[in-house]
**Q** 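Next up is a structure, given as C-alpha cells.
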Amino acid sequence: MPGPSPGLCRALLGLWAALGLGFLGLSAVAQEPFWADLQPRVALVERGGSLWLNCSTNCPRPERGGLETSLRRNGTQRGLRWLARQLVDIREPETQPVCFFRCARRTLQARGLIRTFQRPDRVELLPLPAWQPVGENFTLSCRVPGAGPRGSLTLTLLRGAQELIRRSFAGEPPRARGAVLTATVLARREDHGANFSCRAELDLRPHGLGLFENSSAPRQLRTFALSPDRPRLAAPRLLEVGSERPVSCALDELFPASEAWVYLALGDQRLSPDITFEGDALMATATATASAEQEGASQLVCNVTLGGESRETRENVTIYSFPAPVLTLSEPTIPEGKVVTVTCSAGARVLVTLDGISAVVPGQPTQLQLNATEDDDRRSFFCDATLEVDGETLSKNKSAELRVLYAPRLDDSDCPRSWTWPEGPEQTLRCEARGNPAPSVHCARPDSGAVLALGLLGPVTRALAGTYRCTAANVQGQAVKDVTLTVEYAPALDSVGCPEHITWLEGTEVSLSCVAHGVPPPSVSCVRSGEARVLEGLLHVVREHAGTYRCEATNARGSAAKNVAVTVEYGPSFEELSCPSNWTWVEGSGQLFSCEGDGKPEPSVECIGSEGTSEGMLLPLAPPDPSPRVPRISSELVPGIYVCNATNRHGSVVKTVAVSTESPPQMDESTCPSHQTWLEGTEAAALACAARGRPSPQVRCSREGVPRPQRLRVSREDAGTYRCLATNTHGTDARTVTVGVEYRPVVAELAASPPGGVRPGGNFTLTCRAEAWPPAQISWRAPPGAPNIGLSSNNSTLSVAGAMGSHGGEYECAATNAHGRHARRITVRVAGPWLWVAVGGAAGGAALLAAGAGLAFYVQSTACKKGEYNVQEAESSGEAVCLNGAGGGAGGSTAAAEGGTEAAGTAEAQAGGEVFAIQLTSA
C-alpha cells in the first residue's frame, strides 16, 4: 500500500503537538483558556487536488468535535482531542472550513481558508483576418479560460519574440478566474508572414509555489496593399482568325506581388499567362489565338486579385477573317515571243489590284496579257488585296515570277574583253553569260588549249596571263568572245639585279644601280640611310661612301625595298689611339699589347723586337675582340723597342713601339714575416714589413681592433694582430702579422705552507711562481745536507716530509729564460717548543738571550699564541710578521732572505732583503 500523503503527515504532526500541549496543560486547566486549532490555517491547492486538515484542541476532555466544510471527504482519523480529514476534488475558488470542539459547555472554533489555483493550460489567441490591409488596424485578443487566481496572472501579446503589450491582473478579487487581453495593432508591410502569439504566466512564487507559463499556438498574419488603379492592358484592337498575337496585363503598387492572382481571358477563352514580378509590380503576358467561331466583336479581360480585393480592366477586340489573294500565270515558263496571261483574284468583300490595275468592284478578279521578251525574264507580278475592318483598311499581297527562255548573250559588263588582276590574292574568275536556261561558259587558250577555271576561288599567278576564247551555250543557242588576261604584280629586287653587298675601292669611279622585276615595270631609286638625296651618275669613291643604301622599286601594285651594304676598301694605317708608341706591361696582369691597324679589309698586325734583349722576339698582341679563351702572357715580358707591321691586300705600313714593364705590390714571408717578436722595454720600432713592386709600393701597418698607443718603448700591451697594406698605382697587397712581446722573468711569489703550527717531523711546502715570456725554467737551491726534498713536475713546488733540523736554512727559487734570470730566497728555521727567530750572521753566544726574549714575547703576545707564524714577504724589512698583524718583539732575532735579478750568464746581483720564518713546534 502507498504511504501516507504529505498532508496527512502534517496533520498528524499537528495532532501530536496538540496532544503534547494538552498533557502539559492538564495541571493548569484552571489557569489557561481552552482553544481549537485548524492546520493548515491557510492553504493554496491546485484545482481538483486534495488536502489533509488537522483539527485539534487543548481541552482535556472535549465532549464532541468536528470539521464543517462543503468539500468532499475521502477519509477521517480521530483521537481524543484531534481530528484529521482528507478533502478531495477541491474545485471551489475559495472555501472556509470550520474546526469546532465542545468543551465545558463552550464551543471552541477555528476557521481556515482554502483557495484553489488553476494552471494556464489553455491559452487561446483568437484567429486573425485571412488578409489584413496595410495601414489599417486589426485586433489581437487572447483568452486564458479558468486560469487563476486572476490576480497572479500576467498576459503578454507578442509579434515573433517582440512583446507588443504586457498586462498584469494584480489586485483582482481572489475568487476571479480566467483573463482576456485585447489590443489594437496597426498592420505594416513587414508584418506579412509574421507570427503573433500570447504568453500567460501564473506566478505563485509568493505563496511558496512556482511560476507556471504557457503560450498559445502562433497565428500568422498576411498583410497586403493593392493599388486603387486598374491594370494596364495591352492588346491588339484587331485580331485575325488563326493568327497569334501577344497580350499583356500590368499592375504596380501591390504587395506582396507574388501572392496576387491574375485572370486573363479573350471572350470565353481563358488564357494561360506567364507572370513576372519586379518589386511591387506585376506583368502577365499571354498569346491570344482567335478561332472562326469568335469572329466579330469580343472582349479581352484582365483581373488581378489580392487579399480578397480585385482590380479589373476590359478591352474590345474585333476578330476578322482575311484569306490571302491568288495570283496565277497561264505559263510560268515560256519561250521568247509567246503570249502569257496573268490573273489576280481574292474572296468576297476584297478589292484586288494587279500591277496597279484594280478590279472594277470588290470580289471580282483582274487580268493582264503580254508578249514575252528577253526583258520579261524574271519579271515579278504583284497582286494586292485590301479589306476594310472596323474602320481600318487591311492589305495582303502575293507575287509570281515569269521565266522567258532565250539564247546566250556575252555582254562586256558580265564578261569584259580585257581583264587585269593582281597577283597573289585568291580571286574568283568570272565570265558570265545571260540566257535562259542559264548557259554554260568555257574559256580556253586557242594556242595551247589551257582552260581558265571560271567561278572557282583560286590564287592568281603570272602563268594565267594571255588571250582566251570564251564560249557560252544553252538549248536556245551559243555566243563566242575573245578576252585578254593581264596579271599585275608588285616589284621584286633579287640578288642578281640588286646584290646585297657591293665593294668599292677608294679612289675609283663607280655608280650604284639596281634592276627590279614587276608589272607594270617599276621605277628604282637608291638613297643613303639617313639622307634624302637620290644617288645618280658616277661617284668618285672615298671612305665616306661606305654604308647602307636603301633602294626602292615602285609600280602601281606596290613597292619593294632592299638594303644594299657598300664597303669601301683601302690600304692599312696606324693611329696612336689604336696602337700607342709607348706601352707599359704590368707584371702578373696577363695583359696583351693592343695594336690595331686601320684598313679594309682589316690588316694583319705583327710586332717584332728590333734591338737589345728584345731583338727578334715576337710581341704577343691582343685580338680586336678579346674572349675568355684568348691566351695571356704568363711569363715575364722582355722590354725594348718593337716594330709593328700592318698588311692587307692593298698595301702595308710599319710603326715603332717602346715597351716597358711594371708590377703590382707583393709581400711574402721573406719581406713581411707573418710572426714577429718584440722585447719588452726595448725602443719602440715599426713592423719589419716591405713589399716588392714597380713603382716602389708604400707599406702601412695598423693594429686590428684597439689601436696601438704611441710609446717610446715596447710594452706587453703591444702584442696582437696587425694588418699591413702595400699600395702602388697597379694595386694593393695585404698581409696579416701576429706580434708577440717577450719579457724577462720575475719571481712574482715565493710562499711557505702551512703558515704555522708545524711540529718537528711535520711537512712543509715552498711554492714559487714566476712571470716570463717565453716561460721561465724554475730551479731551487736548498741548504746543504737537507734530505728528502721533493719537487713537482715543473719545479714550481718544493716539499719536505718529516722536517728535521737539517732542513733549516736558506732556500732560493730562480726563474730563467732567454732574456735573463731572477731569484728570490727564503730562510726556514727548524725550532723547538719555544718560539725564536734566527738572525742571519748573529753570534751563537746570544742563543740564551734570544730564547729569553722569545719567551717574553710569547707570553706577552695573545695574537701569536700557539706558534701561529706564517712565511710572509716584507720588502726591505727584517721583521717576522704575525698572522694577526702584530710585529715581532723587541728582543726577537730575524732571519734574512735575499732576492735579486741577473742577466743570463752574469753574477747574482743583491736585492732588498726579504725575511721569512716558519715555526715547527714539537709535541
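Residue numbers count from 1 along this sequence. Side-chain atoms are counted along with the backbone in the values below, which use heavy atoms only and exclude waters and symmetry mates.
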**Q** Does the side chain of Pro520 reach to within under 4.5 Å of the side chain of Glu488, using non-hydrogen atoms?
**A**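 Yes, at least one pair of side-chain atoms sits under 4.5 Å.
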**Q** Less than 4.0 Å between a side-chain N and a carboxylate O, is that true for Glu315 and Arg232?
**A**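 Judged by the 4.0 Å cut-off on N to carboxylate O distance, Arg232 and Glu315 do not form a salt bridge.
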**Q** Cation-pi between Arg557 and Tyr489: NZ/CZ under 6.0 Å from ring centre and within 45° of the ring axis?
**A**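 No.
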**Q** Would you say Val487 and Thr461 make side-chain contact, with heavy atoms under 4.5 Å?
**A**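 With C-beta onward as the side chain, the pair stays apart.
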**Q** Do Ser215 and Val123 have side chains that approach each other closer than 4.5 Å (heavy atoms only, starting at C-beta)?
**A**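 Side-chain contact under 4.5 Å: no.
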**Q** So, does Asn214 use its side chain to make a donor-acceptor pair with the main chain of Pro120 at under 3.5 Å?
**A**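 The answer is yes, because a donor-acceptor pair under 3.5 Å joins these two groups.
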**Q** Does some side-chain heavy atom of Ile334 sit less than 4.5 Å from a side-chain heavy atom of Leu405?
**A**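 No - every pair of side-chain heavy atoms lies 4.5 Å or more apart.
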**Q** The criterion is ring pair (Phe, Tyr, Trp, His ring centres under 6.0 Å); which residues satisfy it with Phe196, sequence neighbours excluded?
**A**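 Phe196 satisfies ring pair (Phe, Tyr, Trp, His ring centres under 6.0 Å) with Phe138 only.
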**Q** Run the salt-bridge test on Arg159 and Asp191 with the 4.0 Å N-O cut-off and return the result as yes or no.
**A**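 A salt bridge links Arg159 with Asp191.
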**Q** Please answer whether the main-chain N or O of Cys415 pairs with a side-chain N or O of Lys481 as donor and acceptor at a distance below 3.5 Å.
**A**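 Answer holds: yes.
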**Q** Distance only, no hydrogens: is a donor on one side chain within 3.5 Å (strictly under) of an acceptor on the other, for Thr305 and Ser310?
**A**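 Result is yes, a qualifying pair exists.
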**Q** So, are Glu423 and Arg462 salt-bridged, with charged N and O less than 4.0 Å apart?
**A**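 Counted as a salt bridge, because a side-chain N and a carboxylate O are separated by less than 4.0 Å.
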**Q** Parallel, tilted or perpendicular: which fits the ring planes of Trp131 and His192, with parallel below 30° and perpendicular above 60°?
**A**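 Judged by the thresholds at 30° and 60°, the geometry between Trp131 and His192 is parallel.
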**Q** Treating Asp376 as the side-chain partner and Thr373 as the backbone partner, does any N or O pair qualify as donor plus acceptor under 3.5 Å?
**A**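 Side chain of Asp376 to backbone of Thr373, a donor-acceptor pair under 3.5 Å: yes, one is there.
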**Q** For residues 363-418, which residue pairs qualify under ring-ring contact (aromatic ring centres under 6.0 Å, His included), counting only residues two or more places apart or in two chains?
**A**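 The answer is none; no pair qualifies.
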**Q** Quick one: does Asn474's side chain have a donor or acceptor within less than 3.5 Å of a partner on Pro439's backbone?
**A**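 No, because the side chain of Asn474 does not come within donor-acceptor range (under 3.5 Å) of the backbone of Pro439.
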**Q** Side chains of Glu244 and Thr287: is there a donor and an acceptor less than 3.5 Å apart?
**A**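 Note: Glu244 and Thr287 side chains miss the donor-acceptor criterion.
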**Q** After noting the C-alpha distance and the side-chain angles of Val340 and Leu402, does the key distance pass the side chain to side chain contact (heavy atoms under 4.5 Å, CB included) rule?
**A** CA-CA 9 Å; Val340 62; Leu402 175 65; 3.9 Å; yes
**Q** Considering residues at least two apart in sequence or located in another chain, which fulfil the ring pair (Phe, Tyr, Trp, His ring centres under 6.0 Å) criterion with Phe322?
**A**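 With neighbours one apart ignored, the set is empty.
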**Q** With distance as the sole test, does Arg219 use its side chain to make a donor-acceptor pair with the main-chain N or O of Leu125 at under 3.5 Å?
**A**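 It does hold such a pair.
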**Q** Would Asp390 and Thr318 count as having a side-chain donor-acceptor pair, cut-off 3.5 Å?
**A**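 Side chains of Asp390 and Thr318: pair found under 3.5 Å.
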**Q** Hey, are Glu500 and Lys562 close enough for a salt bridge, meaning a charged N less than 4.0 Å from a carboxylate O?
**A**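 Salt bridge between Glu500 and Lys562, a charged N being under 4.0 Å from a carboxylate O: yes.
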**Q** Please assess Glu201 against Arg199 for the test salt bridge (Lys or Arg N to Asp or Glu O under 4.0 Å), listing each intermediate value before the final yes or no.
**A** CA-CA 7 Å; Glu201 301 173 2; Arg199 184 175 67 234; 3.2 Å; yes
**Q** Quick one: does Ser248's side chain have a donor or acceptor within less than 3.5 Å of a partner on Ala284's backbone?
**A**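 Checked: no pair found.
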**Q** Could you check whether Thr343 and Gln367, counting side-chain N and O atoms only, form a donor-acceptor pair closer than 3.5 Å?
**A**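 There is such a pair between these side chains.
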**Q** Nearest heavy-atom pair of Pro236 and Val317: which atoms, and what distance?
**A**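 It is O-CG2, 3.5 Å.
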**Q** Heavy atoms, side chains only, cut-off 4.5 Å: are Leu282 and Asp252 in contact?
**A**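 No, too far: nothing below the 4.5 Å cut-off.
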**Q** Apply disulfide bond (SG atoms under 2.5 Å apart) to the pair Cys498 and Cys514, showing each step before the final yes or no.
**A** CA-CA 5 Å; Cys498 190; Cys514 276; 1.9 Å; yes
**Q** Check for a donor-acceptor pair, side chain of Asp411 on one end and backbone N or O of Ser413 on the other, with a separation under 3.5 Å.
**A**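 Pair absent, no side-chain N/O of Asp411 close to backbone of Ser413.
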**Q** Please determine whether the number of non-hydrogen atoms from other residues, nucleotides or ligands lying under 6.0 Å from atom CZ of Arg188 exceeds 12.
**A**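 Yes.
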**Q** Is there side-chain contact between Val301 and Glu312, with heavy atoms separated by less than 4.5 Å?
**A**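 Heavy-atom side-chain distance check passes, below 4.5 Å.
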**Q** Which distance, rounded to the nearest 0.5 Å, do you find between the CG of Leu266 and the CD of Gln294?
**A**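 Reported to 0.5 Å precision, the distance equals 5.0 Å.
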**Q** When you check the gap from the basic side-chain N to the acidic O, do Glu388 and Arg349 get nearer than 4.0 Å?
**A**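 Salt bridge flag = no for Arg349 with Glu388.
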**Q** So do the side chains of Leu535 and Val527 get within less than 4.5 Å of each other, counting heavy atoms only?
**A**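 Not touching, per the 4.5 Å side-chain cut-off.
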**Q** Under 3.5 Å, side chain of Glu531 to main-chain N/O of Arg528, donor-acceptor pair present?
**A**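 Answer holds: no.
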**Q** With a cut-off of 6.0 Å (strictly less than), are more than 12 heavy atoms of other residues, nucleotides or ligands near CD of Glu253?
**A**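 No, because the 6.0 Å sphere around CD of Glu253 holds 12 heavy atoms or fewer from other groups.
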**Q** Does Cys443 form a disulfide bond (SG atoms under 2.5 Å apart) with Cys470? I'd like the steps, not just the answer.
**A** CA-CA 4 Å; Cys443 296; Cys470 297; 2.0 Å; yes
**Q** Let me confirm one number: the CG-CD distance from Leu300 to Gln269, rounded to the nearest 0.5 Å.
**A**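 Result: 10.0 Å between the selected atoms.
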**Q** Looking only at atom types and distance, does a side-chain atom of Ser395 sit under 3.5 Å from a main-chain N or O of Ala385, one as donor and one as acceptor?
**A**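 Side chain of Ser395 to backbone of Ala385: no pair is present.
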**Q** Does any donor atom in the side chain of Asn436 or Arg403 lie under 3.5 Å from an acceptor atom in the other side chain?
**A**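 A donor-acceptor contact under 3.5 Å links the two side chains.
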**Q** Donor-acceptor pair, distance only, cut-off 3.5 Å: does the side chain of Arg409 make one with the backbone of Ala407?
**A**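 Yes, because the side chain of Arg409 sits within donor-acceptor range (under 3.5 Å) of the backbone of Ala407.
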**Q** Indicate yes or no: does Glu124 engage Arg122 in a salt bridge with an N to O separation below 4.0 Å.
**A**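 Salt bridge: yes.
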**Q** Answer yes or no: does atom CD of Glu278 have more than 12 heavy-atom neighbours from other residues, nucleotides or ligands under 6.0 Å?
**A**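 Count not over threshold, so no.
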**Q** Mind checking whether Ser525 and Val534 have side chains closer than 4.5 Å, heavy atoms only?
**A**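 Yes, their side chains come closer than 4.5 Å.
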